[in-house]
Amino acid sequence: MSRREAPALLVARDVTVAYGKVAAVCGVSFDIRLGEVVSIVGPNGAGKTTLLAGLMGLLPLRGEVERFGKGAVPPPTVEQLVRAGMGLIPERRELFATLSVEDNLRLGGFDRWRQGERDGATDLANIYALFPQLRERRHQQAATLSGGERQMLAMGRALMARPKLLLLDEPSLGLAPLVTREIFRIIDRLRTEGVSILLVEQNASAALQLADYAYVMESGSFVLEGPAAELARNERVIEAYLGLAPVEGPRKLQRETAKQQV
Amino acid sequence: MNLDIALWLSQDAITNGAVYALLAIALVLVYTVTRIIFVPQGEFISFAALSLASLQAGQVPGTVYLLIAGGILVVAADSVGLPRAVALQRLPGRLIRQMALPLAAGGIAWWSASRPDDLWLQIVATLAIVTPLGPMVYRLAFQPIAHASVLVLLIVAVAVHYVLTGMGLVFFGGEGLRSNPYSSLSFNVGVLNVTAQSLLIVFASVTLMAALWFVFERTLYGKALNATAINRTGAQLIGVSPSFSGQLSFALAAFIAAISGLLIAPTTTVYYDTGFLISLKGFVGATVGGMASYPLAVVGSLLVGFLEAGSSFWWSAFKDSLVFTLIVPVLLWRSLATPHSEGDERQ
Amino acid sequence: MRASWVTALGLAGLLCAGGASGQEITIGVTMGTTGPGASLGINYKNAFQLMPNAIDGVPIKYVILEDGSDPTAAAKNARQLVAENHVDALMGAVSVPSTTQIALIAEETKTPLIALAPVALPPEKLGWVFIVPQPVPLMMGAVVDDLKSKSIKTVGYIGFSDSWGDLVLKALKQSADPAGIKIVDEERYARADTAVTGQIVKILIAKPDAVVVGGSGTGGALPQIALRDRGYKGPVYHNHGTINREFIKVGGAAVDGAIAPTGPLMVAEELPDSHPVKKVAVDFDQAYEKIFGAGSRNAFAGYSYDGFLLLKAAIPAALKAGKPGTPEFRQALRDALESGQAVVGVHGVYTQTKSDHIGLDGRAVVLAVVDGGAWRLLKK
Amino acid sequence: MKARLPPMIAIAAIAAAPLLLSDYYIILMNYIGLASLVALGLVLLTGVAGLTSFGQAAFVGLGAYATAVVTTRYGWSPWLGLAVGMTLTATAALFLGFITLRLSDQYLPLGTIAWGISIYFAFGNLVFLGEHSGIPGIPPLSLFGWTIDTGWRLYLVIWLVVLLALLAARNLLDSRIGRAIRTLNGHARMAESFGVDTGRLKIIVFVYSALLASLAGWLYAHFLRYVSPSPFGINAGIDYLFMAVIGGSGHIWGAVAGASILTLMREWLKDILPHLLGRNGNYEIIVFGLLVVLLLHRTSSGLMPFLVRMLPGGRLLRPVAAAPLPQRPRLARGETLLAIDRVSKSFGAIGAVRELSFELKAGGIVGLIGPNGAGKSTVFNLATGLLPVTAGSIMFRGQRIERLGSREIAELGIARTFQHPNLLADRSALENAAIGAHLRGEAGLIAASLRLERAEEARLRDEAARQLERVGLGANLHDAAGSLPLGSQRILEIARALCADPLLLLLDEPAAGLRHLEKQALAALLRDLRDDGVSILLVEHDMNFLMGLADRVLVMEFGRLIADGPPHAVQSDPAVLEAYLGVAA
């Protein structure tokens with residue numbers, strides 16, 4: 001619980017995000033503290049992705065958001081947020097499909113490079129150390145990668161900007177279970193390296209295992225919140241999000257996530 | 001028709017095709033990065049050619065004033081929406097940043113106009129005047145509506161074309177101008193009388209294409225542009241804003257157009273509205289490449305060059321008709337080659 | 001919303017309808033100073049700065065509207081001038097299609113039109129239309145005479161792919177055929193073309209003794225430059241649309257020796273004093289160059305001015321018949337215009353009659369040649 | 001659907017105009033009317049169907065030149081000129097449409113630019129068209145001995161034609177064909193899966209808009225009595241597009257608004273600028289361009305939506321009840337409905353579906369589950385003809401369908417929903433649902449324009465309303481689909497599919513985004529449908545939802561079927577547990 005007492009990196013109060021004409025997120029409030037993994041779980045269509053897009057400046061957001069201790073008027077642009085130390089790994093990954101793996105990574109450090117930081121090579125080496133598979137494929141086009149490698153590349157690209165706060169949207173989406181575990185292991189490691197993480201996941205079981213604190217989102221609002229371990233024991237969460245209870249199968253049977261790629 | 005004639009026409013086709021290819025590349029660049037069909041490209045060609053001719057006549061071209069006015073408007077546009085105190089506080093910095101280039105370009109132009117024989121200075125001045133106009137046009141006309149539909153962007157592009165054409169007429173008048181030849185050398189290769197001028201055009205085009213290739217393949221700025229063309233959201237997430245890539249692509253495109261203008265300025269009479277038709281032919285070339293592929297755009301432009309040379313020989317009255325009808329067989333071929341098309345689907 | 005719109009429209013219409021008072025002559029002009037005709041239109045329009053504001057003490061007002069060289073816009077302008085400004089006479093425009101379009105309106109509304117460009121209508125449809133520029137056949141006839149005198153048997157033609165290119169070619173054929181001169185090749189090019197190599201190569205293959213260019217203004221220089229680049233040594237003829245100083249500026253050494261027919265205006269000082277047009281032309285040139293700079297003289301400004309001179313000669317008679325702004329005045333103006341009075345203009349002597357609404361003769365043509373960077377009278 | 005008031009005001013204003021306006025403004029109105037006709041074609045083509053054309057001026061030219069040649073060269077009647085012009089235009093548009101419309105949408109503008117420019121040069125170079133000098137001496141129109149040669153007579157004729165064209169366009173858009181036309185703008189796949197022949201429809205709209213332009217050309221020729229190439233060049237084509245976009249390219253009255261604004265803006269600039277600037281000059285074009293840029297910065301969807309917002313909306317009622325549409329005979333329970341036999345689908349090297357086989361019997365609810373990327377949506381796309389199979393066969397009621405297009409499959413009685421709701425966001429729920437019933441009507445473009453299909457249309461609408469009420473969206477009939485919550489949009493998709501009267505319903509994640517009670521309602525609806533003889537195959541991730549509902553569950557992993565059986569058996573299947581957990585159970 002100690003991480004909850006750390007200073008807040010991001011505080012959102014009464015945030016509403018509209019997608020088109022529909023307010024997909026209505027009046028949610030939450031905070032993320034330094035060195036913490038905060039998870040938002042909930043069913044498909046609950047508004048999780050929309051919330052992340054709003055936080056990252058990709059969609060217009062109403063309400064108050066303090067990032068890194070500062071509010072801002074007018075709302076900052078995506079690029080300003082990237083520079084301030086926020087990173088988003090979107091559900092669709094949004095890689096540069098026809099560029100090589102290495103180019104994708106180097107572009108991840110584009111803003112730092114533009115600011116005159118010429119330490120991209122070190123960052124690149126770190127990323128390759130974290131994801132050895134990417135090193136092997138560094139001259140391949142991103143489009144030719146497997147689903148897991150794409151997720152790694154997306155994470156690697158975001159890390160190249162040395163973010164302080166990383167927003168992850170469905171990192172396990174479309175991945176084989178083994179790969180999913182690998183990804184979650186890396187998320188855990190990032191936390192130990194001091195990156196704070198907001199994790200949106202349908203795979204509630206895995207997310208709650210990893211997270212320090214969690215929110216349950218349904219139809220655009222938070223319906224439950226609490227330390228992740230407590231939520232994982234909550235009856236309602238168990239029934240609704242942790243799979244097939246009260247059935248005879250293993251308790252951690254995970255449900256599939258919904259949006260698929262093919 | 002014999003071989004000599006074929007050679008004559010080919011030489012012409014290649015020199016013209018090289019210019020069209022440059023323009024086609026700029027059109028593809030701007031379209032893939034910003035979804036804007038860069039109609040005002042033609043005006044940048046005319047502006048460059050006519051500015052050069054004006055400088056050679058010892059006059060400061062009107063485009064300089066346009067550049068300075070544009071700089072002021074950009075500062076104003078950047079300050080809109082900010083609280084007054086913030087706007088005032090940032091004003092001096094902005095003025096210095098935005099006005100430095102226009103004023104420097106103006107200074108060079110003024111200096112150059114007083115030295116009508118210094119060709120290099122004239123070229124530098126022309127490039128310095130025309131290139132910054134590109135990002136200014138993007139900033140003022142397109143950046144506020146960067147998310148609009150392709151159709152709206154196109155209509156705005158046409159409107160900007162009207163504005164710039166009108167200004168071209170005000171600055172340079174209705175009659176055409178022609179600048180001094182860079183070199184009057186020519187030599188005979190077989191039956192061909194090759195002018196240094198046409199060699200220069202081909203050489204400059206190839207060099208510029210190679211330079212662009214280098215920029216896109218080897219520099220992070222070029223890759224960032226390319227990345228925007230591939231995935232707009234992805235580009236935003238690495239800190240490349242649409243306005244950054246838009247201004248950068250417009251700067252490159254204006255630079256390419258300015259070079260094209262400089263190349264054709266001594267070979268033909270340039271009017272305030274000449275650029276539009278030239279750029280339209282580059283557009284045909286780009287179309288052959290589906291507005292997406294640089295190599296195919298170059299091939300298409302050379303094709304336009306050859307078709308133009310050929311039809312001006314055989315059937316000159318219908319030349320332009322033929323050149324633009326070229327699109328139809330290309331479309332027919334594409335239509336037969338891709339029997340089933342899904343159209344766009346908003347997923 | 002639409003209702004208030006239309007009301008606003010209506011009010012605007014009513015307000016505009018007031019217009020011309022009885023004691024002022026209104027001349028409506030439609031002109032393209034943008035678009036493809038811009039280079040001519042600007043010159044046409046410049047001349048209006050030289051025109052006086054009164055004739056015989058009656059104030060005269062010029063309403064000049066822009067048509068962007070587009071015939072539909074020209075027609076709109078002509079309608080506006082007639083319906084809103086109640087003009088007593090129309091003047092315009094820069095191209096054959098635009099002028100033809102307003103000629104139809106002049107006929108329909110019974111308003112005299114001083115046509116500043118040729119009109120593509122049969123003479124019986126020109127009851128209210130008076131044409132200023134020398135007919136192209138008259139000019140090209142002079143070219144053919146010169147060809148004949150030089151015993152030239154074959155010519156190649158290269159002209160604009162627009163109505164001007166059509167007209168010059170047609171006129172050239174008209175005079176060349178009876179003279180036994182063969183047109184061995186006909187080529188077209190666009191003003192905006194950057195090269196005419198294909199056309200020139202084709203002309204060179206036909207080996208004509210001379211080449212005639214059907215361009216106008218600076219646009220006429222491109223073929224001659226290309227011809228000289230490719231080593232063509234024969235004479236190159238142009239037409240009366242070509243002559244101005246920009247042509248020489250753009251063409252440089254390559255257009256040295258270019259020959260073109262023109263009105264006396266362009267070489268007025270060199271004409272013998274006996275030439276009836278000399279004085280008027282020299283005066284106009286001096287006045288024009290005073291405003292627009294030395295060497296700025298051009299044929300098109302002269303056409304506008306001649307148009308004015310024609311009106312000036314006719315207006316006193318018309319004033320006797322009716323008040324400006326009335327149909328009677330316009331009718332009388334037309335009658336006066338075709339009264340057969342000889343009007344000395346800067347391009348020639350106009351004797352317009354009921355059957356001839358052009359009224360120019362050989363005095364309206366001289367041949368000029370580029371010599372030492374300027375247009376000079378071609379000495380026979 | 002919008003309030004009737006604004007058009008009535010506009011029509012009244014147009015009728016009253018001759019009394020209010022000066023002669024010159026009458027003539028200006030004639031120009032506006034002509035331009036409105038062309039812009040109206042573009043509103044349909046560009047605004048509604050999403051296809052951009054720069055070549056409309058060339059079609060105007062065809063119409064104008066055709067009648068000019070017919071009347072001056074041959075001395076025939078202008079009415080014959082109209083027929084010739086329309087025929088020529090239709091032929092040209094068919095050819096051009098045929099080669100460009102099959103390609104993706106960006107090619108049409110390019111094709112029309114080419115067409116616009118080349119026909120301009122062709123007009124100018126053909127001797128029998130008078131070359132660049134054009135054809136003078138075109139006679140005026142006459143009607144029952146009444147010569148239409150003056151401003152206000154022409155005004156009446158032109159605006160009568162414009163109003164009729166507007167009426168026809170409004171009727172057209174408010175019909176079965178009109179709904180199908182709206183789907184062309186980015187929803188072609190959805191439309192095809194409800195039986196809309198989008199390829200053919202695109203060509204029809206293109207020809208329709210070309211004919212409107214040609215009609216304007218015919219009027220132009222007899223109004224100005226002289227044709228020359230320049231009014232039909234590419235600049236004019238761009239101008240017409242300007243009008244449509246500025247007016248608001250989705251609204252038929254936007255054509256009139258755009259034509260008026262542009263024409264009047266030009267006129268006023270011409271008159272005002274010399275006074276403002278104190279000098280004559282060519283500044284009109286600069287100011288004009290700037291105004292257009294500013295206008296589009298303010299309102300990028302054009303003026304019309306802006307104007308419409310300022311007007312009161314009308315009250316909307318449920319469509320009146322009409323005789324129900326005929327239904328397909330239901331199948332006997334247990335009859336084999338769909339048989340998928342060793343079907344494979346690969347995208348490049350990736351096999352999305354591998355050697356998949358299963359059968360569906362009539363009268364059941366079958367769930368299809370599996371981890372992401374297992375190939376579930378691909379199965380839907382294969383079964384509905386949106387994707388071609390790489391190998392294998394698919395039979396529907398004993399007929400092979402794997403080579404059929406989605407349209408033919410829709411006709412056989414398969415309807416589907418989409419994972420991401422594929423709706424016309426601006427249109428009402430009712431209109432969206434009615435698209436589903438496309439194949440249950442047959443009235444075409446002409447019948448729709450003339451309102452000869454009202455009986456059929458009433459039945460289609462009633463059906464749509466009934467299906468919406470059935471799924472629980474009865475209160476939202478007239479809400480824009482895009483304004484509904486995501487869950488309701490999915491339900492709307494079901495209503496649309498039901499409008500097709502399907503035998504087999506394929507539902508892609510229908511319960512996503514629904515609250516608990518809504519899920520229960522959905523389950524009840526699906527059971528009800530099953531009892532009604534509709535078979536259902538649904539992809540779903542909510543196991544709780546599926547457990548109580550499905551008779552049978554299929555489990556896919558990496559393109560293969562790994563389990564098949566009653567829900568509870570599947571749930572404890574070791575292969576399924578392994579797929580979800582990644583460990584051998």
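Convention: sequence-line order gives letters A, B, ...; per-chain numbering from 1.
Between Arg114(A) and Gly239(B) the shortest heavy-atom distance is NH1-O, 3.5 Å. Listed here is the closest heavy atom pair of Ala227(B) and Leu107(A): CB-CD1, 3.7 Å.
Leu237(B) has its side chain out of reach of Val82(A): every pair of non-hydrogen atoms, C-beta onward, lies at least 4.5 Å apart.
The side-chain hydrogen bond (donor to acceptor under 3.5 Å, both in side chains) analysis of residues 52-67 of chain A, with sequence neighbours excluded, yields the pairs Arg13(A)-Glu64(A).
For Met56(A), the part lying under 4.5 angstrom from a heavy atom of chain B is the side chain only. Residue Phe244(B) touches chain A through its side chain alone, counting heavy-atom pairs closer than 4.5 Å. At a 4.5 Å heavy-atom cutoff, the contact between Arg157(A) and chain B is made by side-chain atoms alone. If you measure heavy-atom distances from Leu58(A) to chain B, the contacts under 4.5 Å come from the side chain alone. Contact annotation for Ile230(B): only side-chain heavy atoms (C-beta onward) come within less than 4.5 Å of a heavy atom of chain A.
In this view, Glu102(A) and Arg138(A) satisfy the salt bridge (charged side-chain N to carboxylate O under 4.0 Å, His left out) rule, not counting sequence neighbours.
With values rounded to the nearest 0.5 angstrom, Glu217(B) atom CD is found 8.0 Å from Asp103(A) atom CG. To the nearest 0.5 Å, atoms CH2 (Trp113(A)) and OG1 (Thr219(B)) are separated by 6.5 Å.
Within 6.0 Å of CD on Glu182(A) lie more than 12 heavy atoms contributed by other residues, nucleotides or ligands.
When each of Leu88(A), Ile89(A), Thr77(A) is checked for heavy-atom pairs under 4.5 Å with chain B, Leu88(A) comes out on top. Here Asn231(B) is the residue among Thr233(B), Val240(B), Asn226(B), Asn231(B) with the most heavy-atom pairs under 4.5 Å with chain A.
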